[in-house]
Visitor: 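Let me begin by handing over the structure; questions about it come next.
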Amino acid sequence: MDIIEIPTHLIDEDTDQPRYQFDEEALQELMRSIEELGLLSPIKVRTTNDGRYKIIYGNRRYKACQTLNLAAIPCIVSTVTDEMEIYLEQIAENLTRKGFSPIEEAEAFNKLLHDPKFSSSAKFLSSKLGKPESYIKNKVELLKFGKAVKKLVVGGTQIRKDKLTEDQLLPLKDLPIEHRDPLALIAARDELPVSDVKKIARLFKDKDISAPTKDKLLYKTGHELLETWSVRELNKAERTKPAEPKPAAEKKVKPEKQAVQQQEAHPDVQAHAASLVSPLEVRLQQLLATLPAADTLAVESLPSLEEIAAAGQDKLLGDVNLLIAHIEQHLQEWTRIKTLLEQAKP
């Protein structure tokens, strides 16, 4: 293609082009390079009806040259007039350039898909740009999020504080807006990996959790939300676990006979046998006979976190939660009985 020098004052930026965000530090670096070596790669323009030129691609290079007060810029002049072809060329060029953000891509694809001027299909864009249809559709999904979230979106897969990758956002895209954006901001603040975001998304998609409860969960940190997810998954697994069948003989044993068996197994309660006159007292003696004495666990008996695998931590936490729940149920019931007995005293 022929490259010609065009006076800078005759060139106009294309305000409708896909890329509009320019990193100031990168722009300064480009200016230093042009000042030292000149513009090594020409920009591409097209003619307009008033004898001027409009940029097809190369806005960043144009800005650098303009700031440096260069009188003329080397340009390739295109004869293409079809708006669709020009816009596709602008996208294709920017896809090869560093700094074209996922949100800029999403807005460009969305424009081609839904602007009446273009009304393209994902299949057509895929064939023209060499990108899978899923790539294009996933990019457009990013536009579901609000402005505060979109400002944090960056390219690449590196997890950074107060930044968001496309992979971090996509698991949240189908949640209601009142949960979607706050969770995205939590993921950015707490630098949550994609696997953790997926778990939190499943927690908020759980239909058994009420909307008010989900609203309260938004006040938790990312790591607290993961703990909530972990405990809930363990509890669900516990509920779905088939109950262990009791021996047939055990089912037929009456409370009074159970008390006698407990007494035989635990001689220290034999002295109370004569006074067992009600099922309540039988049950109480059963608990007293089987419940171990309270004891403080020695520190050395507690394994360190480093010694427990991640799966083991979840299992241990679930078992502890289950034990506490059972103890609390017993405590609540026997506290109620104690109150009734105290009220019945003369």
Side-chain angles (χ1 to χ4, degrees), residues 1-131 135-136 139-140 142-143 147 150 155:
M1 295 184 183
D2 293 335
I3 299 175
I4 63 173
E5 294 275 339
I6 297 177
T8 304
H9 70 274
L10 292 179
I11 302 172
D12 298 316
E13 292 186 67
D14 185 354
T15 55
D16 291 329
Q17 65 127 7
R19 186 174 181 182
Y20 55 84
Q21 297 178 0
F22 300 98
D23 181 73
E24 185 60 33
E25 186 176 339
L27 186 61
Q28 292 295 324
E29 184 178 343
L30 176 61
M31 287 171 55
R32 289 192 291 270
S33 173
I34 294 173
E35 197 170 25
E36 182 178 350
L37 304 173
L39 184 61
L40 301 179
S41 179
I43 68 174
K44 192 169 187 177
V45 299
R46 56 178 170 138
T47 58
T48 59
N49 294 331
D50 55 1
R52 298 179 64 82
Y53 300 86
K54 182 174 286 188
I55 298 171
I56 294 178
Y57 60 74
N59 276 44
R60 197 167 67 96
R61 281 165 279 171
Y62 167 78
K63 286 178 180 292
C65 293
Q66 189 181 46
T67 305
L68 290 170
N69 295 318
L70 297 186
I73 303 174
C75 301
I76 299 169
V77 181
S78 173
T79 58
V80 176
T81 57
D82 183 80
E83 293 293 332
M84 170 71 86
E85 284 190 43
I86 291 171
Y87 201 68
L88 284 170
E89 186 177 2
Q90 289 175 327
I91 294 176
E93 169 67 16
N94 280 302
L95 286 173
T96 67
R97 299 286 179 178
K98 182 180 178 181
F100 191 38
S101 77
I103 296 300
E104 287 175 320
E105 277 189 71
E107 290 173 343
F109 292 148
N110 188 64
K111 184 174 182 178
L112 285 169
L113 290 170
H114 299 111
D115 190 319
K117 184 169 61 175
F118 302 120
S119 298
S120 304
S121 66
K123 185 176 181 180
F124 174 78
L125 296 182
S126 174
S127 66
K128 285 291 186 180
L129 297 171
K131 297 287 186 182
Y135 177 94
I136 295 168
K139 280 292 189 297
V140 175
L142 300 179
L143 301 181
K147 289 182 179 179
K150 288 191 283 191

Visitor: Please check if the side chain of Ser126 supplies one atom and the backbone of Ala122 the other of a donor-acceptor pair under 3.5 Å.
Guide: no
Visitor: List the atom of Pro102, the atom of Leu142, and the distance in Å for their closest heavy-atom pair.
Guide: CB-CD1, 3.8 Å
Visitor: Has the side chain of Gln17 got a donor or acceptor atom that lies under 3.5 Å from a matching backbone atom of Ile56?
Guide: no
Visitor: Can you name the nearest heavy-atom pair linking Ala72 to Glu5, along with the distance?
Guide: CB-OE1, 3.5 Å
Visitor: Does Leu39 form a side-chain contact (heavy atoms from CB on, under 4.5 Å) with Leu70? I'd like the steps, not just the answer.
Guide: CA-CA 10 Å; Leu39 184 61; Leu70 297 186; 5.7 Å; no
Visitor: Please walk me through it: do Ile73 and Tyr62 pass side-chain contact (heavy atoms from CB on, under 4.5 Å)?
Guide: CA-CA 8 Å; Ile73 303 174; Tyr62 167 78; 3.7 Å; yes
Visitor: For the side chain of Thr8 and the backbone of Gln66, is there at least one donor-acceptor N/O pair under 3.5 Å apart?
Guide: no
Visitor: side-chain contact (heavy atoms from CB on, under 4.5 Å), that's the test. Do Ile55 and Lys44 meet it? Break it down for me.
Guide: CA-CA 6 Å; Ile55 298 171; Lys44 192 169 187 177; over 6 Å; no
Visitor: Let's go through Lys63 and Glu13 carefully: what are the C-alpha distance in whole Å and the side-chain angles of both, what is the deciding distance for side-chain contact (heavy atoms from CB on, under 4.5 Å) to 0.1 Å, and is it a yes or a no?
Guide: CA-CA 9 Å; Lys63 286 178 180 292; Glu13 292 186 67; 3.4 Å; yes
Visitor: Keeping the roles fixed (side chain from Asn94, backbone from Gln90), state whether a donor-acceptor pair exists under 3.5 Å.
Guide: yes
Visitor: If we ignore hydrogens and angles and just use 3.5 Å, is the side chain of Arg61 paired with the main-chain N or O of Ser41 as donor and acceptor?
Guide: yes
Visitor: For Lys123, is the NZ atom crowded, meaning more than 12 foreign heavy atoms sit under 6.0 Å from it?
Guide: no
Visitor: Kindly give the heavy-atom pair with the smallest separation between Ser101 and Gln21, and that separation in Å.
Guide: OG-OE1, 3.7 Å
Visitor: Taking the side chain from Glu85 and the backbone from Val80, do they hold a donor-acceptor pair closer than 3.5 Å?
Guide: no
Visitor: Taking Phe124's backbone N and O only, do any of them form a donor-acceptor pair with Ser120's side chain (distance below 3.5 Å, no angle check)?
Guide: no
Visitor: If we ignore hydrogens and angles and just use 3.5 Å, is the side chain of Tyr20 paired with the main-chain N or O of Thr15 as donor and acceptor?
Guide: no
Visitor: Locate the shortest heavy-atom distance separating Asn59 from Phe22; write the atom from each residue and the value.
Guide: CB-CZ, 3.9 Å
Visitor: Both conditions, 6.0 Å and 45 degrees, for the charged tip of Lys111 above the ring of Phe109: are they met here?
Guide: no
Visitor: Does Glu25, at its CD atom, have more than 12 non-hydrogen atoms belonging to other residues, nucleotides or ligands within less than 6.0 Å?
Guide: no
Visitor: With respect to Lys54, which candidate in Ile86, Asp14, Ile11, Thr47 satisfies the side-chain contact (heavy atoms from CB on, under 4.5 Å) definition?
Guide: Asp14
Visitor: Shortest non-hydrogen contact from Ile43 to Gly58?
Guide: CG2-O, 3.5 Å
Visitor: Is Ser78 reaching over with its side chain to a backbone N or O of Val45, donor-acceptor style, under 3.5 angstrom?
Guide: no
Visitor: Check for a donor-acceptor pair, side chain of Arg19 on one end and backbone N or O of Tyr57 on the other, with a separation under 3.5 Å.
Guide: no
Visitor: Using 0.5 Å steps for rounding, measure from the CD1 atom of Ile91 to the CG atom of Leu95.
Guide: 7.0 Å
Visitor: When you check the gap from the basic side-chain N to the acidic O, do Arg46 and Glu83 get nearer than 4.0 Å?
Guide: yes
Visitor: Does Glu29 have more than 12 heavy atoms from other residues, nucleotides or ligands lying within 6.0 Å of its CD?
Guide: no
